[in-house]
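Take a look at the structure set out below.
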Amino acid sequence: MRPFNLIATTTATLALLADASPLIRRADDTVSLTISKEGGFESLLRHGADGGYGFMFEDINNSGDGGIYAELLQNRAFQIVDVAKQTTALVPWASINGTAISVVNDTAGISSALPNSLKVEVVDGVASFENPGFWGIKIDCNWTYKASFYAKLASSFTSDLTVSLSLISNTTGTVFATQDFTGITDEWKQFDTKLTPSSSAEDLNNTFVVQVNGGEGESGEVLFGLFSLFPPTYKDRENGMRIDLAEVIADVKPSVWRFPGGNNLEGQTIETRWKWNETIGPLSERPGRMGDWSYINTDGLGLMEYLLWVEDLNVTGIMGVYAGYSLERHTVPEADLAPFVEEALGQIEFTLGDVSTPYGALRAAYGHPEPFTNIKYIEIGNEDFFEPDSYAAYRWAAYESAISAAWPDLKLIATTQPVTVLDPPEEYSDRHVYETPDWFAANAHRYDNESRPGPLIFEGEYASTSMNESALYGTVAEGRLRYSTLQAATGEAAYMTMLERNSDIVFAASYAPMLENINRFQWTPNLILFDAGSVYPSASYYVQKIFSTHRGDTILPVTTSALPTNFTYVASSTDTNVFLKTSNYSPSPVSLSISLDGFNATSAVYEYITASDLMAANIPGQEILVDIKGPVDASMEGGAVAVELPAWSVAVVTVEV
């Protein structure tokens with residue numbers, strides 16, 4: 001049963017709720033709100049809860065490889081590539097001064113997981129080639145880079161062989177750092193070093209160069225495998241995360257992290273699904289896979305890295321397990337499902353099992369004896385509303401019963417729509433919605449009358465994707481949003497006030513997708529954009545940040561005598577503050593007069609998000625237009641707080657009590 005209805009119950013307000021058309025108001029109109037201390041309920045989205053605001057992650061838009069995963073070299077181990085198609089197999093590697101290079105698998109690679117190698121032909125003692133990274137490499141003289149590679153001779157040399165690794169600028173020819181190696185033999189051997197640039201590069205047009213120096217007149221072949229170049233990482237994690245992206249994410253103060261997807265969990269086919277046990281251990285033992293978003297995943301960002309990331313962020317993990325359905329509508333028959341359930345149980349044991357269990361012992365061998373106790377939720381599948389019949393008939397029950405028997409304290413999330421009847425009934429449900437900004441504003445009361453009790457809701461994916469309701473997934477020409485705009489973010493904020501007002505049943509929420517490398521993307525818009533050197537938070541990012549960093553423990557009742565259409569709000573409190581979050585999805589400003597019943601207000605400030613242009617977006621290469629402005633002191637007269645909010649704005653008023 002819902003504790004109370006936070007929507008004002010006057011006739012005027014109910015009429016406004018029924019009318020989704022914009023209401024143009026005079027700027028001198030004042031909206032009076034009264035926030036009451038009594039009658040609130042504990043929010044499931046609060047800090048310290050097992051849920052809250054957070055992020056959904058999968059490797060899309062080069063968000064993992066070439067993104068949050070800090071590895072700087074693209075196609076570092078020639079994983080999955082077709083050696084019959086050299087043009088694509090080599091991307092982005094290139095020869096220098098005519099050196100012949102090719103990807104081969106006619107000799108044993110460095111491991112069975114990585115059978116492909118780079119063959120380099122040395123002529124008259126010299127050969128060189130390069131890798132420009134993921135559309136550029138940032139060179140910073142304050143960083144020390146870790147470089148490594150495997151090499152062996154494929155034919156005899158009568159003299160020593162030196163390999164020079166360099167960071168070299170294409171534009172100036174400047175060598176920023178270099179290191180020589182000797183001792184290459186006819187057996188695979190790993191070489192590693194640290195490189196500290198002598199100066200910083202002015203731009204990203206830099207490349208990683210390997211030069212082979214044999215004896216004068218000598219010719220032959222050298223094989224290379226598994227190159228790597230790492231800058232410093234977040235919290236100095238080995239094989240870890242890119243610092244600037246990690247810090248922008250951490251600044252939101254998220255509470256939950258959903259991984260590893262998303263579609264990228266399912267695979268296009270059953271065989272090409274994400275397999276957790278192929279993403280752990282030494283990088284030389286990870287074969288990689290063709291991801292579900294048109295590019296190869298190295299799986300350097302694997303299960304262990306995800307778990308360490310959840311630990312470093314100190315968030316609650318929502319971990320997905322493959323549930324027998326893949327994207328080309330391939331479904332595992334009931335008679336064949338048992339091994340896949342066992343695979344999921346192994347993944348959970350690796351995560352949570354103690355060292356006396358086989359997979360817990362394996363995790364300990366990889367450096368983490370303690371279970372990853374931040375993992376509180378297991379999501380069974382992803383978007384199984386595309387295959388609800390088999391999910392309801394046998395897949396959900398098989399996974400639910402097996403996981404519950406082995407791990408009774410875990411919370412299990414279903415991925416079908418609530419209209420699908422599951423047995424046993426789900427206690428947690430993941431819902432996804434991609435719509436127009438107008439839709440989000442019009443649905444700012446969507447869960448107000450949701451049945452209680454019922455499954456707790458994880459709003460696992462949501463975003464304004466288009467200005468055209470008939471082409472939500474169409475092209476930019478058809479109205480698809482290339483970037484998150486002020487209007488899109490304001491509509492999403494209206495929806496988020498609803499999620500928080502209903503946080504007796506909404507336990508977590510995550511905008512999606514999260515990250516986009518601006519040089520190769522498959523989906524728009526995205527929350528945070530980046531290139532090899534810079535990060536560009538979107539308008540939607542700032543909405544996520546302002547909502548997440550101003551969370552109360554208790555949701556408070558609010559009453560008002562009149563309320564304009566498309567002006568929405570939610571109030572909450574901690575021991576020291578009352579927060580009022582608002583979305584003004586309207587072309588007119590709003591004057592607010594806020595009274596607090598039962599609180600002793602001592603001071604108030606407000607912060608807001610707006611821009612001069614409704615379609616303003618934070619576009620790479622241009623000045624940031626949309627961000628959080630303030631805090632600005634609010635006036636207080638007679639105990640009431642007075643605030644002026646711009647048109648098309650998202651705001652939070654913080655009252656110290």
Side-chain angles (χ1 to χ4, degrees), residues 6-8 12-13 15-17 19-35 435-446 464 467 484-501 538-547 550 558-572 578-594 604-617 625-632 634-635 640-655:
L6 289 170
I7 306 302
T13 301
L16 285 167
L17 294 180
D19 179 11
S21 60
L23 179 66
I24 307 300
R25 306 176 61 256
R26 298 191 310 274
D28 58 354
D29 287 348
T30 298
V31 175
S32 297
L33 301 174
T34 299
I35 302 173
E435 279 286 353
T436 65
D438 284 349
W439 185 94
F440 280 107
N443 281 269
H445 307 287
R446 187 183 187 197
S464 297
M467 300 301 293
S484 169
T485 64
L486 175 65
Q487 183 176 2
T490 306
E492 291 156 5
Y495 194 74
M496 291 173 70
T497 65
M498 179 274 298
L499 297 177
E500 196 163 322
R501 279 199 319 275
S538 71
S540 293
Y541 168 86
Y542 288 108
V543 168
Q544 294 292 319
K545 182 176 181 179
I546 205 171
F547 267 68
H550 296 84
V558 181
T559 56
T560 180
S561 57
L563 192 67
T565 300
N566 292 340
F567 181 82
T568 56
Y569 56 82
V570 61
S572 63
V578 170
F579 302 118
L580 178 70
K581 298 172 187 171
T582 67
S583 170
N584 182 23
Y585 190 80
S586 164
S588 298
V590 171
S591 297
L592 280 184
S593 177
I594 306 163
V605 297
Y606 66 100
E607 301 165 68
Y608 62 96
I609 302 166
T610 192
S612 58
D613 181 357
L614 182 61
M615 297 303 289
L625 300 174
V626 186
D627 60 6
I628 299 174
K629 307 178 191 306
V632 178
S635 63
V641 178
V643 176
E644 300 294 327
L645 301 179
W648 304 108
S649 66
V650 180
V652 57
V653 182
T654 302
V655 184

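The analysis underlying the following values was restricted to heavy atoms, covering all of them including side chains, and did not include hydrogens, waters or symmetry mates.
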Can you tell me which residue among P564, S593, S561, S591 is in a side-chain contact (heavy atoms from CB on, under 4.5 Å) with V31? P564
Nearest heavy-atom neighbours spanning A651 and L645: CB-CD2, 3.6 Å
Between atom CD of E500 and atom NE2 of H550, what is the distance when rounded to the nearest 0.5 Å? 11.5 Å
Which pair of non-hydrogen atoms, one from T490 and one from N584, has the smallest distance, and what is that distance? CG2-O, 3.7 Å
Any V650 side-chain heavy atom under 4.5 Å of Y542 side chain: no
I'd like to know whether I609 forms a side chain to side chain contact (heavy atoms under 4.5 Å, CB included) with V626, so could you lay out the CA-CA distance, the side-chain angles of the two residues, the decisive distance to 0.1 Å, and finally the verdict. CA-CA 7 Å; I609 302 166; V626 186; 3.5 Å; yes
Output the distance between atom OG1 (T610) and atom CG (L486), rounded to the nearest 0.5 Å. 5.0 Å
Do the side chains of E492 and P437 get nearer than 4.5 Å, heavy atoms only? no
Step-by-step side chain to side chain contact (heavy atoms under 4.5 Å, CB included) determination, K581 to M496: CA-CA 9 Å; K581 298 172 187 171; M496 291 173 70; over 6 Å; no
Side chain to side chain, V655 and I594, heavy atoms closer than 4.5 Å: no
Interatomic distance, OG@S583 vs CZ@F440, rounded to 0.5 Å, equals 12.0 Å
Shortest non-hydrogen contact from M498 toward A444: CB-O, 3.1 Å
How close do T560 and S32 get, counting heavy atoms only, and between which atoms? OG1-O, 2.8 Å
Rounded at 0.5 Å granularity, tell me how far CD1 in I628 sits from OH in Y541. 7.5 Å
Can you check whether Y585 reaches F567 side chain to side chain, under 4.5 Å on heavy atoms? no
Are any of the side-chain heavy atoms of D438 and Q487 separated by less than 4.5 Å? yes
For D613, what residues pass the salt bridge (charged side-chain N to carboxylate O under 4.0 Å, His left out) criterion, not counting sequence neighbours? none
Let me confirm one number: the CE-OG distance from M615 to S484, rounded to the nearest 0.5 Å. 9.5 Å
Between A611 and A616, which heavy-atom pair has the shortest distance, and what is it? CB-CB, 3.8 Å
L592 vs Y569, side chain to side chain contact (heavy atoms under 4.5 Å, CB included): CA-CA, chis, key distance, verdict: CA-CA 11 Å; L592 280 184; Y569 56 82; over 6 Å; no
Strictly distance-based, threshold 3.5 Å: is any side-chain N or O of T485 a donor or acceptor partner for the main-chain N or O of A617? no
Would you call the rings of Y495 and W439 parallel, tilted or perpendicular if under 30° counts as parallel and over 60° as perpendicular? tilted
Working to the nearest 0.5 angstrom, can you tell me the gap between E644 CD and Y608 OH? 11.5 Å
